[in-house]
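Below, all heavy atoms of this structure are taken into account, side chains as well, without hydrogens, waters or symmetry copies.
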Number of protein chains: 2
Amino acid sequence: MYLLSPGPYTRARRPDRLTAMSSSPAPSPAARRTDGRAARWAGQRERRRREFVDAALRAVAAHGPEVSTEQIAEEAGVARTRLYKYFTDAADLQAAIADRVAELITAELAPAWNPHGTPMQAIAAAIGAHTTWLSEHGDLYRYLTMHSLSAQAGGRDAVTDVKTAIARNLTAVFEHYLALFGLDVRAAETVAFGLVGLVESSTSRWLENPRGVSRDELAGLLERWVWRIFDDTLRAGGVELDPDAPLPAPG
Amino acid sequence: MYLLSPGPYTRARRPDRLTAMSSSPAPSPAARRTDGRAARWAGQRERRRREFVDAALRAVAAHGPEVSTEQIAEEAGVARTRLYKYFTDAADLQAAIADRVAELITAELAPAWNPHGTPMQAIAAAIGAHTTWLSEHGDLYRYLTMHSLSAQAGGRDAVTDVKTAIARNLTAVFEHYLALFGLDVRAAETVAFGLVGLVESSTSRWLENPRGVSRDELAGLLERWVWRIFDDTLRAGGVELDPDAPLPAPG
DNA sequence: GCTAACCCGGACTCTCGGTAACAGGAACAT
DNA sequence: ATGTTCCTGTTACCGAGAGTCCGGGTTAGC
């Protein structure tokens, strides 16, 4: 049974193909022939990759964080080996999934990338979104951290981890504000990863064993701590910021 | 070739065996016969497990974080399948390694369990020990993160176990001081897990990509942040502590 | 000498990642 | 109408690593 869309056979052709010159009589032998039979498939590979990533997300939801490529292929309604036409590797599929998750969580954390209101309000919004997402997509989170092979020898910087994805964006935001205040930008990444670890670690522990601490209390603690760390970084550069005064817009 | 100690054959027998009553004539039929041939092997299994864990640590150091059980067995001077006589599972071996690592780190972090001097000095000692250990045993750390096989039912993974071990000790220390100041003890665990996550996350990222930040700079940032968080927790209860005044001894 | 424990490794199975070879279908070209 | 091109898909096969089974060896206590 085919759970994916049946492919290009039923799709309207993209109208933007560049075959206006197709009647030109003499293409150089080395140049690729602009044959409509080839142009028809423009973008098909990326489309299919997206579909497989969709199936992978469903498979993770269905089978937990330990899905095999077999199960992902099954969820896509396709023989396992078909995957290797679109992904060089299991790691390649993995990377594509991580990219997608990065997109999803980035969208969720919009209030952090474009802070509105006071620093404390922005922090509270981001923490709320973060803890909510983490508790709702725990399997996906575990799947990614488990399979993050972090390219030991390959030197690929494309470390694909949810935390990395979040922290990268956070790094950019911090770098922006640090630069705005004329401070050393190098600490931004350390702050970002530290904060992500702080929030993730205490939240996941709290989920397992609340010990009488309410969700609001937890959120309150985290918000204050995050502010303290950010504040400390600013003060180290001689800048003081009022946590309850509106922030300059990032634009 | 045999890299491990050759086993009990060449070892002096432990003198503390409890066989003083071995001449007693009538053991119950259900009870195990106290045969010297059985008593000779007391503790042998645990000894061997330790030896294999030793070999695993050496194998990680030799082959990097991607060692196979095959390579661990080779380092132990033994056929791979021999491992399964002492470990039910690859995950079991994994867990044993994680336990050992937790012991090593706990020993390294002694200054945190028994703080001396001022708060900042104690924090600096603990952070220094932590970052030093992690930068010296990066492969081991990576090994644990990569092979976190989280036996889906238990949800356990090796790194979490280590972090939990550290955070538990830290929780006890914090509870002690919070109680000393007459504050609410419930936050101690949240603080402990948060701090562990904060330090671990930023340090591991720094390991992979230092970005021109030196180890001392990193340690300095972390020390200040940790203090800020601890200080915030105290202030929330109306207690102010001088970070540079000597701390009362934990005894 | 006998036997209870340990010691050992080799052969086997199972699962999973990955490759190779092969067959069919839809649209374009002629 | 027929062949070409590119995708679609499958099955068979290989290698690596995990885990099991089994037969045989060694030593110290009986």
Grab the [atom1]-[atom2] distance between [X] and [N] for me, whole Å please.
| X | N | atom1 | atom2 | result |
| --- | --- | --- | --- | --- |
| B:Lys85 | C:dC7 | NZ | C1' | 10 Å |
| B:Trp41 | D:dG29 | CH2 | C1' | 12 Å |
| B:Leu93 | D:dA18 | CG | P | 10 Å |
| A:Glu70 | D:dT11 | CD | C1' | 13 Å |
| B:Glu66 | D:dG17 | CD | P | 11 Å |
| A:Gln94 | C:dG18 | CD | C1' | 17 Å |
| A:Tyr84 | C:dG18 | OH | P | 4 Å |
| A:Arg47 | D:dC7 | CZ | C1' | 12 Å |

Looking only at heavy atoms, what is the nearest atom pair of [X] and [Y], with distance?
| X | Y | value |
| --- | --- | --- |
| A:Ala165 | A:Asn169 | O-ND2, 3.0 Å |
| A:Val53 | A:Ala96 | CG2-CB, 3.7 Å |
| B:Val173 | B:Ala112 | CG2-O, 3.8 Å |

Phosphate contact (D:dT26 OP1 or OP2) by B:Arg40 side-chain N/O below 4.0 Å: no
Nucleotide nearest B:Gln44 (side chain, heavy atoms from C-beta), chosen from C:dC8, D:dG9, C:dC6: C:dC6
Nearest to side-chain heavy atoms of A:Ser68, which nucleotide of D:dA28, C:dG17, C:dC8: C:dG17
Base C:dG10 to side chain B:Thr81, donor-acceptor N/O within 3.5 Å cut-off: yes
Distance-only donor-acceptor test (3.5 Å): side chain B:Arg80, base D:dG19: yes
Worked verdict on A:Gln94 versus A:Tyr143 for side-chain hydrogen bond (donor to acceptor under 3.5 Å, both in side chains): CA-CA 10 Å; A:Gln94 169 69 22; A:Tyr143 171 80; 3.2 Å; yes
Sugar-phosphate, base or nothing in reach of B:Thr69, heavy atoms under 4.0 Å: sugar-phosphate
Earlier contact from the 5' end, DNA chain D, for B:Asp89 and B:Arg82: B:Asp89
Residues, nucleotides or ligands: over 12 heavy atoms within 6.0 Å of A:Arg100 CZ: yes
